[in-house]
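Report on one structure; see the data block that follows.
Only this structure's heavy atoms are used, side chains among them; waters, hydrogens and symmetry mates stay out.
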Amino acid sequence: MKRRVAVTGMGAVTPIGLNVEEFWNSVKEQKIGFAPITHFDASEYKCHLAAEVKGFDGKNYMDFKSAKRMELFSQYAMAAAKEAMVDAGIDMDREDAYRAGCIIGSGIGSLQAIEREHKKLLEKGPSRTNPLFVPMMISNMASGNVSIAYGLKGKSMNAVTACATGTNSIGEAFRTIQYGDADIMVAGGCEGCVTPLGIAGFTSLTALSLEDDPARCSLPFDKNRSGFVMGEGAGIVILEELEHAKKRGARIYAEITGYGCSSDAYHITSPAEDGAGAARAMTNAMNDAGLVPEDITYINAHGTATHHNDLFETRAVKLAFGSHAGKIHINSTKSLIGHLLGAAGAVEFITCVKEIQDSYIHATVGYTTPDEELDLDYCKEPYHEEVRHALTNSLGFGGHNATLAVSKYED
């Protein structure tokens, strides 16, 4: 039998809060994280806004030497993991380290290290390359560093599926516990790519909004949407086999009940136009959870505010839910914090858990003008109502579709 999996700890570093409490309070206050780029001089770029993390200092979460040996994406992961581990009350001295693992993904790793060392290579030659360049840059080092910090000797992986990375990481950790390979998993995603190359690359792809008004730059599902805003940060959760969590008296925030994936097998950046791939991921997650479409009252959408994503994701919801689609509340957390790439799905999962806890579904901030074919309930205003079962979607470049079903815990 598949084992039940509980969420017992959460940690977040976001553009609107450096921990879960700050983040969630900001969500309820409809505080947006968009502002002019400060990580570099973007005056010559077409895109001038990003959702940067403000006030973060890695040395507040680890010793100075460790911080110096980690790039920003790893530092974000370490900070969020520390919060999550403390929140869960995990004492690794009391645990079998080989039954505790870590799956933390980053879509890109460190563009900062690549840019910095390439400049050094051109200006000073190959002998001046930092000996730690490779282990600081590669995306698996978030998972590696967290595993080392907490002595997690079970499965340690880095799921990399572009914008679906955070959701796939949590989903694969869920499966690991569900099928008996671990009792505890630290899981989530992280990213720190507000860099010259990152902004230039996504701008050239015509994926980013070029809007200079922070209040109008990220408009998921709105007729005037113009692209996504680059964000950064990390979301980390502690997952536990339910009986293990109950035995140690852990607080249980929610239960992951299903996980579904699919591939569009269609295009490197565009979702399938009919939404069939994303619909299958949602259906697979519901089937895994033993749910029917009518059980779902809320979806945290991928909702990037690009023309294609929002249109095709809407078609996917209609395909998966039929006539019930119009009764589902659908919102996009990216309306507040932008697109955190590999961290997006993890932070959005945490959002779902908080919404279930508080019986509160946040608004899609900035949504004012309906589009003709986008005719579902995109949460123009917040809802105060119970959420028993929710889905959270992530759709990544390359056609990667991932959905998690998260449910209110009932013994």
Side-chain angles (χ1 to χ4, degrees), residues 4-10 12 17 20-21 23-31 87-88 167 170-171 174 220-221 235 237-240 242 245-246 250-260 282-283 285-303 313-314 317-318 320-337 345-365 367 376-394 403-411:
R4 294 174 68 183
V5 180
V7 181
T8 59
M10 298 187 291
V20 171
E21 183 179 7
F23 164 68
W24 182 236
N25 287 338
S26 295
V27 169
K28 291 190 288 186
E29 293 166 7
Q30 300 189 24
K31 178 180 178 181
D87 186 41
T167 298
I170 294 172
F174 164 67
F221 302 109
V237 294
I238 308 300
L239 306 184
E240 284 187 66
L242 179 60
K246 289 166 65 176
R251 173 180 48 201
I252 297 172
Y253 286 116
E255 182 177 356
I256 301 183
T257 48
Y259 172 44
M282 287 185 271
T283 300
M286 286 188 287
N287 289 342
D288 188 38
L291 301 173
V292 297
E294 289 72 23
D295 291 324
I296 305 299
T297 58
Y298 164 62
I299 296 173
N300 188 298
H302 190 53
E313 189 173 9
T314 294
V317 172
K318 292 179 178 180
F321 290 91
S323 61
H324 183 64
K327 300 176 183 178
I328 300 172
H329 304 313
I330 302 167
N331 66 7
S332 172
T333 306
K334 294 179 179 70
S335 66
L336 296 143
I337 59 174
V347 173
E348 289 156 12
F349 174 82
I350 289 170
T351 304
C352 281
V353 172
K354 295 299 292 183
E355 287 171 316
I356 288 171
Q357 272 195 297
D358 287 6
S359 297
Y360 176 88
I361 299 171
H362 77 73
T364 299
V365 176
Y367 175 76
L376 300 177
D377 174 10
Y378 303 110
C379 299
K380 193 172 184 178
E381 301 293 337
Y383 289 92
H384 297 266
E385 61 182 64
E386 182 184 30
V387 179
R388 293 189 64 241
H389 304 287
L391 299 183
T392 178
N393 290 336
S394 292
T403 299
L404 288 164
V406 56
S407 303
K408 178 171 285 191
Y409 170 63
E410 297 177 356
D411 198 357

Distance-only donor-acceptor check, side chains [X] and [Y], under 3.5 Å:
| X | Y | result |
| --- | --- | --- |
| Thr8 | Glu240 | yes |
| His362 | Thr351 | no |
| Asn331 | Thr364 | no |
| Asn300 | Thr333 | yes |

Would you please name every residue forming a side-chain contact (heavy atoms from CB on, under 4.5 Å) with [X], sequence neighbours left out?
| X | answer |
| --- | --- |
| Thr297 | Val387 |
| Lys327 | His324 |
| Lys28 | Trp24, Asn25, Asp358, Tyr360 |
| Ala363 | Gln30, Pro382 |

Would you say the side chain of [Y] lies within less than 4.5 Å of the side chain of [X], judging by non-hydrogen atoms?
| X | Y | result |
| --- | --- | --- |
| Met282 | Ile299 | yes |
| Lys318 | Leu376 | yes |
| Asp87 | Arg251 | yes |
| Ser359 | Glu386 | yes |
| Tyr298 | Ile296 | no |
| Ile337 | Phe23 | yes |
| Val7 | Ile252 | no |
| Val353 | Met10 | yes |

Atom of [X], atom of [Y] and distance for their closest heavy-atom approach:
| X | Y | answer |
| --- | --- | --- |
| Ser332 | Phe221 | CB-CE1, 4.2 Å |
| Gly9 | Ala88 | CA-CB, 3.9 Å |
| Ala6 | Leu242 | CB-CD1, 4.1 Å |
| Asp288 | Gly258 | OD2-CA, 3.4 Å |
| Pro293 | Ala320 | CG-O, 4.2 Å |
| Ala285 | Ala405 | O-CB, 4.2 Å |

Once rounded to the nearest 0.5 Å, what's the spacing between atom [atom1] of [X] and atom [atom2] of [Y]?
| X | Y | atom1 | atom2 | result |
| --- | --- | --- | --- | --- |
| Tyr409 | Gln357 | OH | CD | 14.0 Å |
| Ile350 | Glu348 | CD1 | CD | 10.5 Å |
| Ile256 | Ser407 | CD1 | OG | 10.0 Å |

For this session: Check Thr403, Thr167, Ile330 against Asn393 for a side-chain contact (heavy atoms from CB on, under 4.5 Å) and give me the one that passes.
Result: Thr403
Exercise. Knowing that exactly one of Thr392, Val5, Leu404 qualifies, which makes a side-chain contact (heavy atoms from CB on, under 4.5 Å) with Ile170?
Worked result: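 Result for side-chain contact (heavy atoms from CB on, under 4.5 Å) with Ile170: Leu404.
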For this session: Could you tell me whether Glu255 and Lys408 have a side-chain N and a carboxylate O separated by less than 4.0 Å?
Result: no
Exercise. Does Lys246 NZ have over 12 foreign heavy atoms under 6.0 Å away?
Worked result: yes
Problem set entry | Parallel, tilted or perpendicular: ring planes of Tyr383 versus His329, cut at 30 and 60 degrees |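 Parallel: the ring planes of Tyr383 and His329 meet at under 30°.
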For this session: Hey, can you tell me if Tyr367 and Tyr378 have their rings parallel, tilted or perpendicular (30° and 60° cut-offs)?
Result: perpendicular
For this session: Please list, chain by chain and in numerical order, all residues satisfying ring pair (Phe, Tyr, Trp, His ring centres under 6.0 Å) with His389, sequence neighbours excluded.
Result: none
Problem set entry | Test ring pair (Phe, Tyr, Trp, His ring centres under 6.0 Å) applied to Tyr253 - qualifying residues, sequence neighbours left out | none
Exercise. Is the side chain of Ser335 donor-acceptor paired with the backbone N or O of Val365 at a distance under 3.5 Å, no angle test?
Worked result: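 Looks like yes, one N/O pair under 3.5 Å.
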